[in-house]
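In what follows, every chain begins at residue 1, and chains take the letters A, B, ... in the order their sequences are listed.
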There are 2 protein chains.
Amino acid sequence: MDDAQRQELADLLKALGEFNRLSLVYELCQCNAPQNAMCLCECCSVDSSVVSRHLKVLAQQGVVQMEKKGRERVYSLNRSDVADRLRALADQIEG
Amino acid sequence: MDDAQRQELADLLKALGEFNRLSLVYELCQCNAPQNAMCLCECCSVDSSVVSRHLKVLAQQGVVQMEKKGRERVYSLNRSDVADRLRALADQIEG
DNA sequence: GACTTATTTGTACAAATAAGCAAATATAAG
DNA sequence: CTTATATTTGCTTATTTGTACAAATAAGTC
């Protein structure tokens, strides 16, 4: 694994390693249908602009996926993608 | 999962989500025997005091384990423990 | 077009973080 | 006891990060 890949993994872990962002992930985890930001706003009690920024971070790391739907944007979790990356790390660590 | 547990998980991910700390983890990952800080110092090119602090963070999150050995302190990776926590998250995310 | 709703962006600010260096501490060896 | 080595701690600096609020943008509805 080269430095760039390691940095990418660190960025993913950092994205998940913040309480409100992790809460967003768990919230999306329990939804079958994609959710909009206003809805997600309720699970962590912060301003909508903050949720917007957190979702942007999660999207940049490929944790969530965004889709435009009318005037709202709905987010869904890239379940298998994230799970696979976490398991790959777990496997490496376990050796 | 309550807030405290979620915070704990976020703290673990944050601890792993920094380049130099993740490098330390990978370094320890490739060692069979526990390593001292001076040795670990070489893998990421930072001051020994910085390594000391990073190792402290990792120890607080249960990622590494420290053992006094003469005047040096040797660190080893809590492999299965960390791997299990990452897999548990992966499982939850995959749903 | 005017209005409403959803989301993003600009700005400001406080708190947290990472880093380096020097000094302090701990412990072994001479 | 003195010296050498390993590690931690105190201090400072620069940078990043999370947050709130207001304004801007986007897109639907009347």
Side-chain angles (χ1 to χ4, degrees), chain A residues 3-4 6-28 31 33-61 63-77, chain B residues 3-4 6-28 31 33-61 63-77:
Chain A
D3 280 9
R6 185 174 300 172
Q7 182 66 61
E8 204 176 335
L9 180 54
D11 289 340
L12 168 66
L13 295 167
K14 183 184 280 185
L16 294 172
E18 199 275 334
F19 186 80
N20 284 328
R21 279 198 296 269
L22 189 58
S23 298
L24 288 170
V25 169
Y26 272 107
E27 187 66 23
L28 280 168
C31 303
Q35 300 293 310
N36 66 16
M38 293 312 288
C39 168
L40 293 169
C41 213
E42 290 161 22
C43 81
C44 49
S45 52
V46 289
D47 195 79
S48 60
S49 68
V50 174
V51 171
S52 173
R53 278 183 239 262
H54 280 321
L55 286 169
K56 191 178 177 185
V57 171
L58 291 172
Q60 279 172 337
Q61 300 309 319
V63 177
V64 301
Q65 210 169 7
M66 193 264 283
E67 202 186 344
K68 291 193 178 186
K69 193 175 185 182
R71 85 183 112 189
E72 58 187 36
R73 302 182 179 190
V74 293
Y75 292 86
S76 55
L77 201 51
Chain B
D3 281 10
R6 185 174 301 172
Q7 183 66 62
E8 204 176 335
L9 179 54
D11 289 341
L12 169 67
L13 295 167
K14 182 183 281 185
L16 294 172
E18 198 274 334
F19 187 80
N20 284 328
R21 278 197 296 268
L22 189 58
S23 299
L24 287 171
V25 169
Y26 272 106
E27 188 66 24
L28 280 169
C31 303
Q35 301 292 311
N36 66 16
M38 293 313 289
C39 169
L40 293 168
C41 214
E42 289 159 22
C43 82
C44 50
S45 52
V46 288
D47 194 78
S48 60
S49 68
V50 174
V51 171
S52 173
R53 278 182 240 263
H54 279 321
L55 286 169
K56 190 178 178 185
V57 172
L58 292 171
Q60 279 172 337
Q61 300 309 319
V63 177
V64 301
Q65 209 168 8
M66 191 263 284
E67 202 185 345
K68 291 193 179 186
K69 195 176 183 181
R71 86 184 112 191
E72 57 188 32
R73 301 179 181 193
V74 293
Y75 291 86
S76 55
L77 201 50

For the pair made of [atom1] in [X] and [atom2] in [N], what is the distance, rounded to whole Å?
X: A/Q61; N: D/dT17; atom1: CD; atom2: C1'; answer: 15 Å
X: B/L40; N: D/dA6; atom1: CG; atom2: P; answer: 13 Å
X: B/L13; N: D/dT17; atom1: CG; atom2: P; answer: 16 Å
X: B/Q7; N: D/dG18; atom1: CD; atom2: P; answer: 12 Å
X: B/E67; N: D/dA6; atom1: CD; atom2: P; answer: 18 Å
X: A/L55; N: D/dT19; atom1: CG; atom2: C1'; answer: 15 Å
X: A/K68; N: D/dA26; atom1: NZ; atom2: P; answer: 8 Å

List the residues meeting side-chain contact (heavy atoms from CB on, under 4.5 Å) with [X], not counting sequence neighbours, and say none if there are none.
X: B/K69; value: B/V74
X: A/C39; value: A/Q35, A/N36
X: A/R71; value: none
X: B/E8; value: none

Nearest 0.5 Å, what's the [atom1]-[atom2] distance between [X] and [Y]?
X: B/L77; Y: B/E27; atom1: CG; atom2: CD; answer: 11.5 Å
X: B/F19; Y: A/L13; atom1: CZ; atom2: CG; answer: 13.0 Å
X: A/K14; Y: B/K14; atom1: NZ; atom2: NZ; answer: 9.5 Å

Output a table of donor-acceptor pairs, distance under 3.5 Å, between side-chain atoms of residues 43-59 of chain B and any protein atom two or more places apart or on a different chain; print 'none' if there are none.
residue : atom : partner : partner atom : Å
B/D47   : OD2  : B/S49   : N            : 3.0
B/D47   : OD2  : B/S49   : OG           : 2.7
B/H54   : ND1  : B/R21   : NH1          : 3.1

A/R6 vs B/S23, side chain to side chain contact (heavy atoms under 4.5 Å, CB included): CA-CA, chis, key distance, verdict: CA-CA 8 Å; A/R6 185 174 300 172; B/S23 299; 3.1 Å; yes
Bend angle of the helix from C/dG1-D/dC30 to C/dG30-D/dC1, end axes from five pairs each (to 10°): 20°
First of B/K56 and A/G17 reached from the 5' end of DNA chain D, by closest nucleotide: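 First, find each residue's nearest nucleotide; the 5'-ward one identifies B/K56.
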If you restrict it to nitrogen or oxygen atoms, what contacts under 3.5 Å exist between nucleotides 2-7 of chain C and the protein, and what is each distance?
residue : atom : partner : partner atom : Å
C/dT4   : O2   : A/R71   : NH1          : 3.2
C/dT5   : O4'  : A/R71   : NH1          : 3.2
C/dT7   : OP1  : A/A37   : N            : 3.1
C/dT7   : OP1  : A/R73   : N            : 3.2
C/dT7   : OP1  : A/R73   : O            : 3.3
C/dT7   : OP2  : A/M38   : N            : 2.8

Close side-chain approach of B/L12 to B/L9, heavy-atom, < 4.5 Å: yes
Polar side chain donor-acceptor pair, A/Q7 to A/D11, under 3.5 angstrom: yes
Heavy-atom protein contacts under 4.0 Å, nucleotides 13-20 of chain C, coded B base, S sugar-phosphate only, - none: ----SSSB
